[in-house]
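Any value given below was found using the heavy atoms of this structure, including those in side chains, with hydrogens, waters and symmetry copies removed. Each chain gets a letter, A, B and so on, in the order its sequence line appears, and its residues count up from 1.
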Amino acid sequence: MPNKILICEDDKALLSMICYKLSRENLGELKTVADGREAVKVLREEDFDLIISDIHMPFHSGIELISLVRNELKKNTPFIVLSAEGLETTVLQAFEMGANDFITKPFSPAELVVRVRRILNHKSGHE
Amino acid sequence: MNEQIQKWYGLPALELILIEVSILFILLSTCLVFFLLISRAVKNRNEKKRLILRSHFQEPLNQIIFQESFSRPDEVIPSFEFRVDELRSHLGQSKFAKQVLIDQLLELKKNLTGISSEALVATYRKLDLHLFSVAKFKGLQWKRKGQALRELAEINYQEAIVPITQLLKSNRRTLREESAVALIRLRSEEPLSFLHSYSGAISPWMEINIHHHLLALDQRKIPQFSQWFDHPTISVSLLCIKMAQLFRQASSLPALVNVLRNPNQEVAGQAAEALGEMEAYHYANEVAALAMSVWDKKNVALQVIKCLGKIGVDEKHSPVLKKFLSHPSYEVQFEAARNLISLGQEGRSQVQLFSNQEGQSFQGVIDHLSEPLLQ
């Protein structure tokens, strides 16, 4: 079964670019959401193999999404956080909440692919 | 005319005026409602158009970012050229479409690094969008000029340095500030060179931006701030002293000592603060030698005292600070006493001795110093 990846990003151009790259690399089935509220709804309804989320989004932040997944839904789905430069404290907070990795914007799409692949391989190795 | 209407309808003058005013009000309101409806419709239409254009641009942009190979059976066309042509066909001659594409390119660029980012810059140039941005300088709208400044700086279009430099003399403050920040970004080798000819004031917004951009620079490219310590514009001098302090530029220390003699109190005070914060222990004697010359300048005196408190040597500089205990300003007296105590044993004895000599008149300072919240 292909991996299911949820991408939460409010910047539509960036969202499209990430989807394009990940789909070209055949990394799995992609689902996208453009805000935190939509992300919460999708996370409650479906299971994913990986979540990639921006920190700052309308309605619910990436940190709130990690909290939802780890504390409320009690899932250990791998979580990659996208954050802007200079938000080191937020990144630390994300790790404390249970994020698995983070990428600082601006980033290289190739780096994102490497990180996604590593996490998915790690996950499938454990299963 | 009014008399005729009054005659025709037999209405009193006051009622007639009220009717006229009401009619005028209804007409104006109707016009306003129409104007709002039309502007709303135009805005909605533009937004829809923008979304359609963005979706058309996104696919070729994705392919450009990832530099995917492309070939056609009949002819070999480099993929980049092909995608750029595709974008060009969407653009046509529309200024609106060009602006949408520029916004989209910049949005993507700010999130990407490396070759992906370079591919977006190449696209911008290949489509001659830099000409579109530069043309905005010729317009009358300052907002468009500001927009062009940000676009050209973001894309690092070096050829725009000359027109941007001219905007440093703009009558509008926002444009002056934006052009200064754009020049810092464009001239990464000499980021603050615009200061040589800058006559405007440095606002807090500029200060934050300048600091932000300098932080992102390679440390070897940080300029020698002391070259602007004597700048005719006070805010430029202050900015450079603060930057020398924040970047702990040791090579600026000798010049900073000279700035203590600056006739402007704010500049001299800032220099004293910088010397203290930079822990310029080697220059403690120079600061002490100047201390008495700033007696009449309260703010400078305060900073010099704080500076000596940080970099001074107990036995050597306590006598200098002691003199300030008899300063007419309570604030200076208090600062001198506090810094004498922080210097060490000799300083504490000086305060005690002075307190014994002065008695009640100095008791306020002593009580203030023993305030638990200040400990």
Side-chain angles (χ1 to χ4, degrees), chain A residues 5 7-35 38 52-58 61-62 80-91 94 101-117, chain B residues 47-70 79 83 86-87 90 97 99-121 123-124 151 153-156 185 208-209 211-217:
Chain A
I5 303 173
I7 309 167
C8 319
E9 171 62 63
D10 58 334
D11 182 335
K12 286 187 179 157
L14 183 65
L15 182 64
S16 162
M17 190 277 294
I18 294 173
C19 283
Y20 184 87
K21 183 66 178 170
L22 296 187
S23 61
R24 288 285 184 193
E25 298 285 334
N26 287 322
L27 285 169
E29 185 189 315
L30 307 176
K31 179 142 193 145
T32 60
V33 290
D35 64 57
E38 212 183 328
I52 302 170
S53 173
D54 187 11
I55 288 272
H56 291 294
M57 284 189 299
S61 70
I80 297 180
V81 172
L82 299 173
S83 80
E85 245 178 344
L87 294 175
E88 286 77 11
T89 47
T90 319
V91 169
D101 203 352
F102 84 97
I103 294 182
T104 308
K105 294 180 195 172
F107 63 93
S108 149
E111 184 190 336
L112 175 70
V113 168
V114 170
R115 285 174 190 254
V116 167
R117 189 166 277 141
Chain B
E47 186 54 25
K48 275 182 195 162
K49 209 169 138 187
R50 197 178 69 86
L51 289 174
I52 293 167
L53 281 167
R54 281 178 75 96
S55 66
H56 284 155
F57 294 149
Q58 193 62 51
E59 187 72 10
L61 283 178
N62 284 338
Q63 285 154 350
I64 285 171
I65 290 169
F66 300 117
Q67 301 174 358
E68 294 189 336
S69 58
F70 175 78
S79 62
R83 300 303 170 199
E86 200 177 338
L87 285 172
H90 288 308
Q99 191 56 54
V100 172
L101 180 58
I102 290 175
D103 293 342
Q104 201 166 349
L105 278 169
L106 297 185
E107 264 177 53
L108 278 167
K109 190 185 171 292
K110 76 167 189 254
N111 287 312
L112 299 174
T113 54
I115 49 170
S116 311
S117 170
E118 285 163 20
L120 292 172
V121 174
T123 310
Y124 176 88
E151 287 165 8
E154 188 64 48
I155 228 78
N156 195 23
R185 299 178 71 182
I208 292 166
N209 272 286
H211 185 218
H212 174 77
H213 288 295
L214 291 176
L215 278 176
L217 270 186

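- With a threshold of 4.5 angstrom between heavy atoms, L108(B) approaches chain A through side-chain atoms but not through N, CA, C or O.
- A side-chain donor-acceptor contact under 3.5 Å links T113(B) to the backbone of S108(A).
- Contact count against chain B (heavy-atom pairs under 4.5 Å) is highest for M17(A) among K12(A), E111(A), M17(A).
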May I have the step-by-step check of side-chain contact (heavy atoms from CB on, under 4.5 Å) for K21(A) and F66(B), ending in yes or no?
-> CA-CA 8 Å; K21(A) 183 66 178 170; F66(B) 300 117; 3.2 Å; yes

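- Atom CD in E107(B) sits 9.5 Å away from atom CG in L14(A) (nearest 0.5 Å).
- Distance check: S116(B) OG to F107(A) CZ gives 9.0 Å after rounding to the nearest 0.5 Å.
- Scored by the side chain to side chain donor-acceptor pair (under 3.5 Å) test, Q104(B) finds Q58(B) as partners (sequence neighbours excluded).
- The distance from atom CG of N111(B) to atom OG1 of T104(A), rounded to the nearest 0.5 Å, is 11.5 Å.
- Among residues two or more places apart in sequence or in another chain, the side chain to side chain donor-acceptor pair (under 3.5 Å) test is passed with D101(A) by R115(A), R118(A).
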